[in-house]
A.B. asks: 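Following this message is one structure expressed as structure tokens.
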Protein chains: 2
Amino acid sequence: MAANQGERVRRRLSTGERREQLLSVGARLFSESPYDEVWIEQVAEIAGVSRGLLYHYFPTKRDFFAAVVERESERMLRMSAAVPGVPVREQLAAGLDTYLEHVRAHAHGYRAFHRADAAGDQAVRKVYQRALAAQERQILAALAADPEFGPRALERPELRLAVRGWLAFTTAVSLEWLRDAELSREQVRDLCARALLGVL
Amino acid sequence: MAANQGERVRRRLSTGERREQLLSVGARLFSESPYDEVWIEQVAEIAGVSRGLLYHYFPTKRDFFAAVVERESERMLRMSAAVPGVPVREQLAAGLDTYLEHVRAHAHGYRAFHRADAAGDQAVRKVYQRALAAQERQILAALAADPEFGPRALERPELRLAVRGWLAFTTAVSLEWLRDAELSREQVRDLCARALLGVL
DNA sequence: ACTTTACTTGACGCCGGTTCAACAGCGGGA
DNA sequence: TCCCGCTGTTGAACCGGCGTCAAGTAAAGT
């Protein structure tokens, strides 16, 4: 580990690059250890940079964590845009495929992101909740646009709760799938699809 | 706040009572704030004891948190014992009623407990995972005992994943319900029941 | 009253988060 | 080519909460 730490020539990156690099390291560490077991020092060391620099980019450790979460939340929202006009049943399979692909590609970030709910402070939670709410809205909108469910669906208060529950279902299954992929992506996809249709 | 702190006569409790009291205070605080925003000092102050006493009962802050989580996990397991011989569909409604009643009665502990997954270290996570696995086993066993699903069910690897996902569903819905109870317990119960039957 | 033991007090070391003044690499102007 | 200013970056010191410990205090049981 840390093979090229000591002798690496000091490189000066642009603020954008450095920020991105730090967030990547953060995502990895926060995905592997709970919040308070991640030391700023550790992040800096892996990034090949001093502790102080981190505080130049992020005011506090919490803000750093929040930035990691926010970055993942943006990536996630960008990825999961709904396709209008297509029946929910068809959109669902394709959407889940994209989603699960994203989960595999950004496993660290995904795990770190879903830590925000239980490990974050008010601000971090807010970012997390906003991302969840956005996904929720996308799904509800897709449901409302489908004749099978109809625009009336939005008025049922339990539907919101059902969608939120289903998101938790999908998240839990995805995380478990990351931990030990004994099932194929198609199986996981079908499982999640069945769960949503079953609950409606 | 802390109305009866200063002038309260020093009370001497049995180790069991004191331990219980500290765990209760911990459950409340850990349910309201993330792990690292809870100070040992704060716990002690609310309990009306000295910092030192906490370290007399629990070696470290982590152990304290772990004890809080473990206590809730025990309570939960004790509460959710399955009734053998009854069809799943009937058992489900009754079981969920008990569960949701427990959630309301021990809201703080319930919230604190579900923080273990993302905020705890390896040891705490282990306690959490053990509790989840136990619930999982109870459900799978109940399914296997029912002729509608049969003992073959246990062999389907996706079923375990489905049950785990459903637990996450129920947890998310319960937590949301605690935050803002716009739905009745019956509605939540039916929603969760439908989710399980739908996914199988 | 005497014993037991829950409990307090206060001082200390340690360690990780946070601050800040100084330093050093890189681009631009002469 | 040299110098200069901008800004990325450093290193060390500070702070506050965790965890330790030894010596004591006082509430219950007998």
Side-chain angles (χ1 to χ4, degrees), chain A residues 2 4-26 29-30 32-69 115 119-124, chain B residues 2 4-26 29-30 32-68 119-124:
Chain A
N4 47 2
Q5 222 71 121
E7 58 255 30
R8 177 162 38 184
V9 193
R10 190 130 134 263
R11 283 239 328 168
R12 210 187 143 124
L13 303 181
S14 74
T15 56
E17 288 172 318
R18 183 62 79 194
R19 192 185 147 86
E20 198 63 17
Q21 183 212 11
L22 294 176
L23 289 177
S24 286
V25 173
L29 293 183
F30 282 124
E32 286 164 355
S33 314
Y35 177 82
D36 70 301
E37 278 183 13
V38 174
W39 308 315
I40 286 296
E41 166 108 33
Q42 196 184 5
V43 178
E45 190 178 332
I46 292 176
V49 118
S50 74
R51 230 179 356 262
L53 190 61
L54 251 147
Y55 284 93
H56 176 69
Y57 281 87
F58 308 98
T60 72
K61 184 182 175 185
R62 289 228 94 97
D63 287 305
F64 178 53
F65 180 52
V68 168
V69 171
R115 215 156 258 216
D121 65 349
Q122 207 130 14
V124 177
Chain B
N4 48 2
Q5 222 71 125
E7 58 255 31
R8 175 163 39 182
V9 193
R10 194 124 136 277
R11 278 243 330 173
R12 229 181 125 133
L13 304 182
S14 74
T15 56
E17 288 173 318
R18 182 63 78 193
R19 192 185 147 87
E20 198 63 17
Q21 183 214 9
L22 293 175
L23 289 177
S24 286
V25 174
L29 293 182
F30 282 124
E32 286 165 353
S33 314
Y35 178 82
D36 69 303
E37 281 183 12
V38 174
W39 306 315
I40 286 295
E41 168 107 33
Q42 193 185 6
V43 178
E45 190 178 331
I46 292 176
V49 299
S50 70
R51 210 174 27 254
L53 190 62
L54 247 148
Y55 285 98
H56 176 69
Y57 281 87
F58 308 97
T60 72
K61 185 181 172 185
R62 289 227 92 96
D63 287 305
F64 178 54
F65 180 52
V68 169
D121 67 350
Q122 206 130 14
V124 177

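Labels below follow one simple rule: chain letters A, B, ... track the order of the sequence lines, proteins then strands, and each chain is numbered from 1.
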A.B. asks: Taking any heavy-atom pair under 4.0 Å as a contact, classify I40(A): base, sugar-phosphate, or nothing.
C.D. replies: sugar-phosphate

A.B. asks: Is any N or O donor-acceptor pair between the side chain of R12(A) and the base of dT7(D) shorter than 3.5 Å?
C.D. replies: yes

A.B. asks: I want to know whether Y35(B) and Y35(A) have ring centres closer than 6.0 Å.
C.D. replies: no

A.B. asks: Supply the atom-to-atom distance Y57(B) OH to L23(B) CG, rounded to the nearest 0.5 angstrom.
C.D. replies: 10.5 Å

A.B. asks: Heavy atoms from C-beta onward define the side chain here; which of dA13(D), dT10(D), dA6(C) lies closest to that of R51(A)?
C.D. replies: dA13(D)

A.B. asks: Give the rounded distance in Å between these two atoms: CG of D36(B) and P of dG16(D).
C.D. replies: 17 Å

A.B. asks: Check every atom of dT18(C), dT9(D), dG16(C) against the side chain of Y57(A) and return the nucleotide holding the closest atom.
C.D. replies: dT9(D)

A.B. asks: How is T60(A) classified with respect to the nucleic acid when contacts are heavy atoms under 4.0 Å: base, sugar-phosphate, or nothing?
C.D. replies: sugar-phosphate

A.B. asks: When the distance from CD of E37(B) to P of dG16(D) is rounded to whole Å, what number comes out?
C.D. replies: 17 Å

A.B. asks: Salt bridge check: are R62(B) and E37(A) linked by an N-O gap of less than 4.0 Å?
C.D. replies: yes

A.B. asks: Given dG8(D), is OP1 or OP2 found less than 4.0 Å from the side-chain N or O atoms of H56(A)?
C.D. replies: yes

A.B. asks: Is Y55(A) close enough to dT9(D) that one of its side-chain N or O atoms is under 4.0 Å from OP1 or OP2 there?
C.D. replies: no

A.B. asks: Whole Å only: how far is the CZ atom of R62(B) from the P atom of dC15(C)?
C.D. replies: 17 Å

A.B. asks: From CH2 of W39(B) over to P of dC15(D), roughly how many Å is that when rounded to an integer?
C.D. replies: 17 Å

A.B. asks: Among the candidates dG8(D), dT10(D), dG17(C), find the nucleotide nearest to the side-chain atoms of S50(A).
C.D. replies: dT10(D)

A.B. asks: With a 4.0 Å cut-off on heavy atoms, is F58(A) in touch with a base, just the backbone sugar-phosphate, or nothing at all?
C.D. replies: nothing

A.B. asks: Once you round to the nearest 0.5 Å, how far does CG of L54(B) lie from CG of D63(B)?
C.D. replies: 11.5 Å

A.B. asks: Give the rounded distance in Å between these two atoms: CD of E41(B) and C1' of dC15(D).
C.D. replies: 16 Å

A.B. asks: Look at all strands and tell whether T15(A) reaches a base, only sugar-phosphate, or nothing, counting heavy atoms closer than 4.0 Å.
C.D. replies: sugar-phosphate

A.B. asks: When the distance from CG of L13(B) to P of dA27(D) is rounded to whole Å, what number comes out?
C.D. replies: 13 Å

A.B. asks: Within the pair R18(B) and dA6(C), is there a side-chain N or O less than 4.0 Å away from OP1 or OP2?
C.D. replies: no

A.B. asks: Would you mind reading off the distance between L53(B) atom CG and dT25(D) atom P, rounded to a whole angstrom?
C.D. replies: 18 Å

A.B. asks: Under 4.0 angstrom, heavy atoms only, what part of the nucleic acid is V38(B) near: base, sugar-phosphate, or nothing?
C.D. replies: sugar-phosphate

A.B. asks: In the structure I gave you, are the side-chain heavy atoms of L53(A) and H56(A) within less than 4.5 Å of one another anywhere?
C.D. replies: yes

A.B. asks: Rounding to an integer number of Å, can you tell me how far E45(A) CD sits from dT10(D) C1'?
C.D. replies: 15 Å

